[in-house]
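What follows is a short report on a single structure.
Chain letters run A, B, ... following the sequence lines, proteins first, then strands; residues in each count from 1. For clarity, every value in this text was computed on a predicted model and none was experimentally measured.
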2 protein chains.
Amino acid sequence: MLSIGKLGQAAGVKVPTIRYYEQIGLLHPAGRSEGNQRLYARDALARLLFIRHARDLGFPLDAIRDLLALQDDPHQPCAAADAIAQAQLQAVNRRITQLTALRCELEKMVAQCAHGSVGECRVIEVLGNHDLCVHPDHDDGDDAVTDHDHALAPRS
Amino acid sequence: MLSIGKLGQAAGVKVPTIRYYEQIGLLHPAGRSEGNQRLYARDALARLLFIRHARDLGFPLDAIRDLLALQDDPHQPCAAADAIAQAQLQAVNRRITQLTALRCELEKMVAQCAHGSVGECRVIEVLGNHDLCVHPDHDDGDDAVTDHDHALAPRS
DNA sequence: TCTAATGTCTCTAGTAGCTATAGGTTCAAG
DNA sequence: CTTGAACCTATAGCTACTAGAGACATTAGA
Ligand SMILES: [Zn+2]
Ligand SMILES: [Zn+2]
Ligand SMILES: [Zn+2]
Ligand SMILES: [Zn+2]
């Protein structure tokens with residue numbers, strides 16, 4: 001039996017994240033000690049590692065919920081799981097395509113600047129006028145490149 | 001003078017988004033009509049187009065705020081603007097690298113599944129065991145591939 | 001055994017960048 | 001003059017967490 005802290009350490013997940021996963025129903029509510037603290041068995045670790053791995057591969061929590069449900073009764077055909085993974089793959093591919101276009105524009109923009117005053121800056125100029133762009137349609141479609149968030153949702 | 005609706009149409013931006021940009025100080029508060037409705041001059045359209053273009057290239061709002069401030073007095077050197085654009089470019093590059101690794105894993109996962117029962121599904125199996133992955137370190141580092149969110153923040 | 005440090009509990013609010021809704025006012029066409 | 005569209009404000013919701021407050025539990029050392 002692991003405390004929530006040990007579980008988090010074992011899975012590389014912060015403690016509040018574990019409580020969050022329980023709250024949204026990804027992890028089963030843990031048993032409690034006399035003093036009301038959560039206690040976890042080994043299968044909880046496996047489940048948490050599954051979640052983390054799927055998150056690291058960019059699956060959104062909704063998709064992970066579905067994958068876990070499938071995992072819970074292994075006699076069904078796996079078509080649903082495969083569909084989720086393929087949707088995820090397509091989302092990643094779409095995103096890579098978008099980002100590659102963005103990279104292209106950003107590179108040109110940065111390269112063409114003569115590093116004078118803002119009034120002559122190519123970066124500012126291009127941002128103010130999309131007609132100066134090479135690819136006329138690099139509308140980012142959505143998505144983040146942030147270091148804060150993780151989702152990767154292909155589903156509608 | 002444009003109404004908020006016309007401005008939104010002209011820039012390809014939804015009306016609530018314009019109000020949001022005003023609220024967070026990206027757009028100057030608009031003048032109002034007798035009946036308290038917003039009225040915009042042409043320069044507001046230019047500013048909004050600038051914001052949209054930068055957003056489409058993935059710049060986070062904070063970076064755009066800085067870029068707009070630079071644009072507002074054009075006699076400074078443009079080093080700051082170039083630095084923001086380069087940071088953005090690096091963020092995009094990092095993200096592309098990450099996503100390429102994810103794509104690789106997802107492709108393998110999907111390809112190796114024999115489409116039997118969930119109990120034998122390679123997708124489920126790999127998700128449950130990161131050791132089955134080719135790249136040992138595809139931790140997604142963060143970021144989204146979602147269709148909901150847009151950020152791309154390189155700045156700490 | 002006492003105590004201090006750490007761990008845990010719940011609850012709330014904040015992050016990014018919008019989007020949606022509710023309930024009310026104003027405008028423009030017919 | 002009436003109707004419908006567009007507008008106003010304010011609030012809540014979305015993803016996936018993260019951070020904090022204030023209180024209780026556990027554990028190691030003296
Ligand atoms: Zn420049
Ligand atoms: Zn462009
Ligand atoms: Zn399968
Ligand atoms: Zn892996």
Side-chain angles (χ1 to χ4, degrees), chain A residues 1-9 12-27 29-40 48 51-52 54-65 91 140-156, chain B residues 1-9 12-27 29-40 48 51-52 54-65 91 140-156:
Chain A
M1 285 298 183
L2 301 165
S3 71
I4 195 170
K6 299 293 177 190
L7 179 67
Q9 257 184 282
V13 172
K14 288 177 188 161
V15 167
T17 303
I18 298 174
R19 291 196 277 248
Y20 171 69
Y21 287 161
E22 177 182 314
Q23 193 192 326
I24 63 171
L26 281 190
L27 289 176
R32 299 296 180 113
S33 74
E34 266 186 56
N36 196 36
Q37 302 196 348
R38 289 174 180 81
L39 289 177
Y40 294 92
L48 182 53
I51 296 172
R52 274 324 306 175
R55 288 294 299 125
D56 287 343
L57 288 167
F59 289 87
L61 293 179
D62 273 2
I64 296 173
R65 195 191 313 276
D140 160 334
D142 261 66
D143 280 310
V145 184
T146 320
D147 287 324
H148 303 294
D149 114 51
H150 261 273
L152 192 63
R155 48 252 316 289
S156 159
Chain B
M1 284 298 181
L2 301 165
S3 72
I4 195 170
K6 299 294 176 187
L7 179 67
Q9 256 183 283
V13 172
K14 287 175 187 161
V15 167
T17 305
I18 298 175
R19 289 196 279 248
Y20 172 70
Y21 287 162
E22 178 183 314
Q23 193 193 324
I24 64 172
L26 279 190
L27 289 176
R32 299 298 179 108
S33 74
E34 265 186 57
N36 196 35
Q37 302 197 350
R38 289 173 181 82
L39 289 178
Y40 294 92
L48 182 53
I51 296 171
R52 274 325 306 176
R55 287 296 298 126
D56 287 342
L57 288 166
F59 289 87
L61 293 179
D62 274 2
I64 295 173
R65 196 191 311 277
D140 161 333
D142 262 68
D143 278 312
V145 184
T146 322
D147 287 323
H148 303 297
D149 112 52
H150 261 274
L152 190 65
R155 51 248 321 288
S156 164

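Atom C1' of nucleotide D:dC17 and atom CD1 of A:Ile51 are separated by 14 Å, given to the nearest angstrom. In this structure, CD of A:Glu34 is placed 10 Å from P of D:dA25, rounded to the nearest angstrom. When rounded to the nearest whole Å, the span between CD of B:Glu22 and P of D:dC7 equals 14 Å. Rounded to an integer number of Å, the gap from CG of B:Asn36 to C1' of D:dA6 is 14 Å. Separating the CG atom of B:Leu39 from the P atom of C:dA28 is a distance of 10 Å, rounded to the nearest angstrom. At whole-Å resolution of the value, NZ in B:Lys6 and C1' in D:dA5 are 11 Å apart. As rounded to whole Å, 17 Å separates atom P of D:dA16 from atom CD1 of A:Ile18. Rounding to whole angstrom units, NZ of residue B:Lys14 and P of C:dG17 are separated by 16 Å.
Residue B:Ile4 is in sugar-phosphate contact alone, with no base atom involved, counting any heavy-atom pair closer than 4.0 Å across all strands shown. Residue B:Arg19 is in base contact, counting any heavy-atom pair closer than 4.0 Å across all strands shown.
Annotation: side chain of A:Ile18 is in contact with side chain of A:Tyr40 (closest heavy-atom distance under 4.5 Å). Residues B:Leu27 and B:Ile51 have side chains in contact (heavy-atom distance under 4.5 Å, counting atoms from C-beta outward). Contact check for A:Leu61 versus A:Tyr21: side-chain heavy atoms found under the 4.5 Å cut-off.
A sub-4.0 Å separation between OP1 or OP2 of D:dA6 and a side-chain N or O of B:Ser3 is absent. For A:Ser33, a side-chain nitrogen or oxygen approaches OP1 or OP2 of D:dT26 to under 4.0 Å. Contact annotation: B:Tyr21 side-chain N/O to C:dC18 OP1/OP2 distance is under 4.0 Å. Note on B:Arg52: every side-chain N or O is 4.0 Å or more away from OP1 and OP2 of C:dG17.
Distances from the side chain of B:Arg38 to the nucleotides D:dT9, D:dA16, C:dT19 place D:dT9 closest. Closest contact between the side chain of A:Pro60 and the listed nucleotides D:dA16, C:dC18, C:dT8 involves D:dA16.
Mapping A:Gln23 and A:Gln37 onto DNA chain C by nearest heavy atom places A:Gln37 closer to the 5' end of the strand. For the pair B:Arg32 and A:Gly35, nearest-nucleotide mapping onto DNA chain D gives the more 5' position to B:Arg32.
Between the A:Arg38 side chain and the A:Arg19 main chain, no donor and acceptor come within less than 3.5 Å of each other.
Remark: A:Arg55 CZ to A:Thr17 OG1 distance equals 10.5 Å, nearest 0.5 Å.
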